[in-house]
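Remarks on the structure that follows.
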Amino acid sequence: MMELNDSYGRTFKTLRVSLLSTCNLGCVYCTAGDPTINADKKTQTPAAVFLQQIEQLHQQLNLDTIRFTGGEPLLYRELVEVIAGAKKIGIPNIKITTNAFLLDRMAPLLKEAGLQSINVSLDAVEEEVFFRMTKRQQVQRVLQGIETALACGLEVKLNAVILKGMNDCQVLPLLRYAFKHNVAIRFLEVMAMGHLHQHAAEYLYTQNDILATIDKEYEFFKLLRKPGATANYWQTLEGKVFGIVANESEPFCHDCNRLRLDAQGNIYGCLSSNHPISISNVTKEQVLHSKLQQAMWQKQSTKFTGSELSMLHIGG
Ligand code: SAM
């Protein structure tokens, strides 16, 4: 293993793997309501290919955490195999980020394969607003998936992107749902990515806006921020915690420890300066190290500056 860090002391300890670019929801900020853009349904990258790359990266980086994402990871046919494979490789924390639409039937299998934790992206609990945000009906399927995952003993955290004028009416209903089911929740400011690259400001519902909304119903105080954490956290007087990922109003690039791998075998050190660096045919340790060094140089010092790529492709 070779040392790899930068002048901010940043290193790569978390690997996010985008298993595919296909999704079964059409979230307005991510796919502009069209989940089929660049769909790669037929040509999924085999689990064996991912696992070989993951193992090489783990050997160099001694990863703490791997998160499988996409696209929608529950649409990846060999999800159970990659999770079990990552466990065998010895990565301590194995997580996924999902829209949970197919979670109800998959949760027991994922738990058995070695999955510990699930981030569920849920932008609304009311059907009408869920449809406005995702272009799909049946929020109930998602809620059922969350409850089944909890019953299986999986840790579940909710992530809600809040868009001004679209789903800001869901901040309190989402918070009440999370508190009732005892699941962690984080609200996210929208990022200037994909088709919103030049327009995200129109929809930006800031950390302060979110806090002002929550203040109508709860009293709360701020908690100390952990190094490397993407979110700020607050606690209500009843002892319930919520977080906000304030990409715009309080950027956290200076201690970002994430590396991304896409389904084409490219790594990226940053969501905004994201020129792909291929590790597909790399076999020599020294070469991989220099590619990782290049990815480290992609990291920005202060603020996420936006990207024309959608999260769907690079993996959220
Ligand atoms: N399909 C899975 C899901 O929905 O969780 C995983 C992929 S999705 C691209 C990962 C996360 O990226 C979701 O929580 C989604 O809300 C978030 N996301 C996508 N585009 C975003 C944007 N422009 N700003 C903030 N979050 C975004």
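The figures that follow rest on heavy atoms only: side chains count, while hydrogens, waters and symmetry mates do not. In listed order, ligands and their atoms are each counted from 1.
Distances shorter than 4.0 angstrom do not occur between any heavy atom of Leu196 and any atom of ligand 1. Residue Ala200 places no heavy atom under 4.0 Å from ligand 1.
Of the candidates Ser18, Ser307, Ser121, it is Ser121 that places a heavy atom closest to atom 5 (O) of ligand 1. Of all the listed residues (Gly194, Cys30, Cys27, Gly71), Gly71 holds the heavy atom that lies closest to atom 6 (C) of ligand 1.
Within a 6.0 Å radius of CD in Glu308, other residues, nucleotides and ligands contribute 12 heavy atoms or fewer. Within 6.0 Å of CG on Asp215 lie more than 12 heavy atoms contributed by other residues, nucleotides or ligands. More than 12 heavy atoms of other residues, nucleotides or ligands shown are found within 6.0 angstrom of OH on Tyr205.
Ring geometry, Phe220 versus Phe242: the interplanar angle exceeds 60°, so the pair is classed perpendicular (tilted spans 30 to 60°).
Looking at Val190 against ligand 1, both its backbone and its side chain come within 4.0 Å, counting heavy atoms. Residue Thr97 touches ligand 1 through backbone and side chain together, judged by heavy-atom distances below 4.0 Å. Under 4.0 angstrom from ligand 1, there are no non-hydrogen atoms of Asn247.
Interface of Thr69 with ligand 1, defined as ligand atoms under 4.0 Å from a residue heavy atom, comprises 6 (C), 7 (C). Short contacts between ligand 1 and Met191, defined as distances under 4.0 Å to a heavy atom of the residue, involve ligand atoms 22 (C), 23 (N), 24 (N), 25 (C). Against a heavy-atom cut-off of under 4.0 Å, Asn99 is close to the following atoms of ligand 1: 2 (C), 3 (C), 4 (O), 5 (O).
For the pair Lys135 and Phe131, the cation-pi criterion (under 6.0 Å, within 45° of the ring axis) is fulfilled.
With 3.5 Å as the limit, one finds no donor-acceptor pair spanning the side chains of Ser18 and Arg260.
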Exercise. Run the side-chain hydrogen bond (donor to acceptor under 3.5 Å, both in side chains) check on Gln207 and Glu189 step by step: do they pass?
Worked result: CA-CA 7 Å; Gln207 174 164 271; Glu189 290 181 353; 5.9 Å; no

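Looking at Glu72 next to ligand 1, an N or O pair under 3.5 Å apart turns up. In terms of polar-atom proximity, defined here as any N/O pair under 3.5 Å, Tyr29 does make such a contact with ligand 1.
Pairing each heavy atom of Leu4 with each of Phe12, the nearest pair is CD2-CD1, 3.7 Å.
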